[in-house]
Enquirer: 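Sending over a structure as structure tokens; questions will come in a sec.
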Amino acid sequence: EPGSQHQLRAALCLPLRRDGDVIGVLGVATSKPGRVFDQPELQQLEGFAELAAAALDNTRRLAAAHRELAEQARTQQRLRRSQARYRELFQQLPAVVYLEVHALGGSWLYESPRVKDLLGYTPEESGRPGFWKTRLHPEDRERVLAEDARCEQTGDPWRMEYRQIAKDGRVVWVRDHAVLVRGEHGEPSFWHGIVIDITEQKLAEEAMAQAVEREHEAL
């Protein structure tokens, strides 16, 4: 130190090792003339060095663990925000978004509230196993069920246009698209699909076809 009367007479530095790496240095110094560090003192200092290295390593690992936990918490928070945004997006889409168990007659795991606007049923009502099949128009029932069974067996994408009977008796044309989502090891997990109301389009097509037919009859 500045102005000190003592002079450094001897010093000893020991490396702090952990898993083969030097992570610090333990230094000991004395100002006594002729001071020599003997073997017992060296052994004792080596023991202190081992303890200091372990303490430093534990502190480093603990800090890394805290950083990892903090990053996981941030990641989970981002996922929750993303899920909330997607859920809000699904609920605002002019369509019904659904997840269905991969099985014949499987129940719906999730269905957006838009189903009430489309068919008049709540998600709880229409989410019962096989419920949507009970609302099929009689003229479309056979072909829709045949394609449903085929896609369940093959895993091919599901693309169908068909009619359903709403709760108030209305006939609603829908376009139903779904893909099979697989698990980590490739096993079938669930269907992710979307149902769009195409009633106005179908009515317009029918009106156009009738107009063309009347024109041909007139000619």
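The model shown is predicted, which means the values in this text are computed figures rather than measured ones. By convention here, the first residue in the shown sequence is residue 1.
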Enquirer: Which other residues belong to the hydrophobic cluster containing Val171, where Ile, Leu, Val, Met, Phe, Trp and Tyr are joined when side-chain heavy atoms lie under 4.5 Å apart, directly or via other members?
Expert: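 Besides Val171, the cluster holds Ile165.
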Enquirer: Using every non-hydrogen atom in the two residues, find where Leu180 and Pro188 come nearest and quote the distance to one decimal.
Expert: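 Heavy atoms of Leu180 and Pro188 come nearest at CD2-CB, 3.9 Å.
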Enquirer: Applying side chain to side chain contact (heavy atoms under 4.5 Å, CB included) between Val96 and each of Val174, Leu118, Asp117, report the one that passes.
Expert: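 It is Leu118, the one option of Val174, Leu118, Asp117 that forms the side chain to side chain contact (heavy atoms under 4.5 Å, CB included) with Val96.
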Enquirer: Can you establish whether the number of heavy atoms outside Glu71 located under 6.0 Å from its atom CD is more than 12?
Expert: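 Counting other residues, nucleotides and ligands, CD of Glu71 exceeds 12 neighbours.
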Enquirer: Rounded to the nearest 0.5 Å, what separation is found between the CZ atom of Arg159 and the CD atom of Glu147?
Expert: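 So the gap between those two atoms works out to 10.5 Å.
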Enquirer: Any luck finding a side-chain donor-acceptor pair between Gln201 and Glu205 under 3.5 Å?
Expert: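 Looking only at side-chain atoms, Glu205 and Gln201 do form a donor-acceptor pair, the distance falling under 3.5 Å.
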Enquirer: For a quick test of reading the model, state the closest non-hydrogen atom pair linking Val115 to Thr122 and the distance between them.
Expert: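 Nearest heavy atoms, Val115 then Thr122: CG1-C, 4.0 Å.
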Enquirer: How long is the gap from NZ on Lys133 to CG on Leu145, to the nearest 0.5 Å?
Expert: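 If we round to the nearest 0.5 Å, Lys133:NZ and Leu145:CG are 6.0 Å apart.
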Enquirer: Would you call Arg214-Glu217 a salt bridge at under 4.0 Å N-O?
Expert: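 Salt bridge: no.
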Enquirer: Looking only at side-chain N and O atoms, does Trp158 offer a donor or acceptor that is under 3.5 Å from a partner on Asp148?
Expert: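 Side chains of Asp148 and Trp158: no pair found under 3.5 Å.
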Enquirer: Rounded to the nearest 0.5 Å, how far does CZ of Arg135 lie from CZ of Arg141?
Expert: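 If I round to the nearest 0.5 Å, the distance is 10.5 Å.
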Enquirer: Take a 6.0 Å sphere around CD of Gln72 and say whether it holds more than 12 heavy atoms from other residues, nucleotides or ligands.
Expert: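 More than 12 heavy atoms, drawn from other residues, nucleotides or ligands, come within 6.0 Å of this atom.
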Enquirer: Taking His185's backbone N and O only, do any of them form a donor-acceptor pair with Glu187's side chain (distance below 3.5 Å, no angle check)?
Expert: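 Here the side-chain-to-backbone pair exists.
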Enquirer: How long is the gap from CZ on Phe190 to CD on Glu100, to the nearest 0.5 Å?
Expert: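 One gets 11.5 Å once the value is rounded to the nearest 0.5 Å.
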Enquirer: Please report the closest heavy-atom contact between Glu161 and Arg143, naming both atoms and the distance.
Expert: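 Shortest heavy-atom contact: O-NH2, 2.6 Å.
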Enquirer: Let's go through Arg175 and Ile194 carefully: what are the C-alpha distance in whole Å and the side-chain angles of both, what is the deciding distance for side-chain contact (heavy atoms from CB on, under 4.5 Å) to 0.1 Å, and is it a yes or a no?
Expert: CA-CA 8 Å; Arg175 180 177 294 120; Ile194 184 170; over 6 Å; no
Enquirer: So do Tyr98 and Ser126 actually touch side chain to side chain, heavy atoms under 4.5 Å?
Expert: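 Answer no - side chains too far apart.
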Enquirer: For the residue pair Tyr162 and Trp132, does the interplanar ring angle fall in the parallel (under 30°), tilted (30 to 60°) or perpendicular (over 60°) class?
Expert: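 Taking Trp132 first and then Tyr162, their aromatic rings sit tilted (interplane angle of 30° to 60°).
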Enquirer: Side-chain heavy atoms nearer than 4.5 Å, only ILVMFWY residues, links allowed to pass through others: does that put Ile196 and Leu203 together?
Expert: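 Different clusters.
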Enquirer: Could you tell me which non-hydrogen atom of Gly183 sits nearest to which non-hydrogen atom of Ser189, and how far apart they are?
Expert: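 Reported closest heavy-atom pair: N-CB, 4.1 Å.
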Enquirer: Between Tyr121 and Ala166, what is the shortest heavy-atom contact and its length?
Expert: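 Closest heavy-atom pair between Tyr121 and Ala166: CE1-C, 4.2 Å.
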Enquirer: How long is the gap from NZ on Lys167 to CD on Glu125, to the nearest 0.5 Å?
Expert: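 Separation between the atoms: 4.0 Å.
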Enquirer: May I ask you to decide if Glu139's main-chain N or O and His137's side chain share a donor-acceptor pair within less than 3.5 Å?
Expert: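 Flag set: sc His137 to bb Glu139 pair under 3.5 Å.
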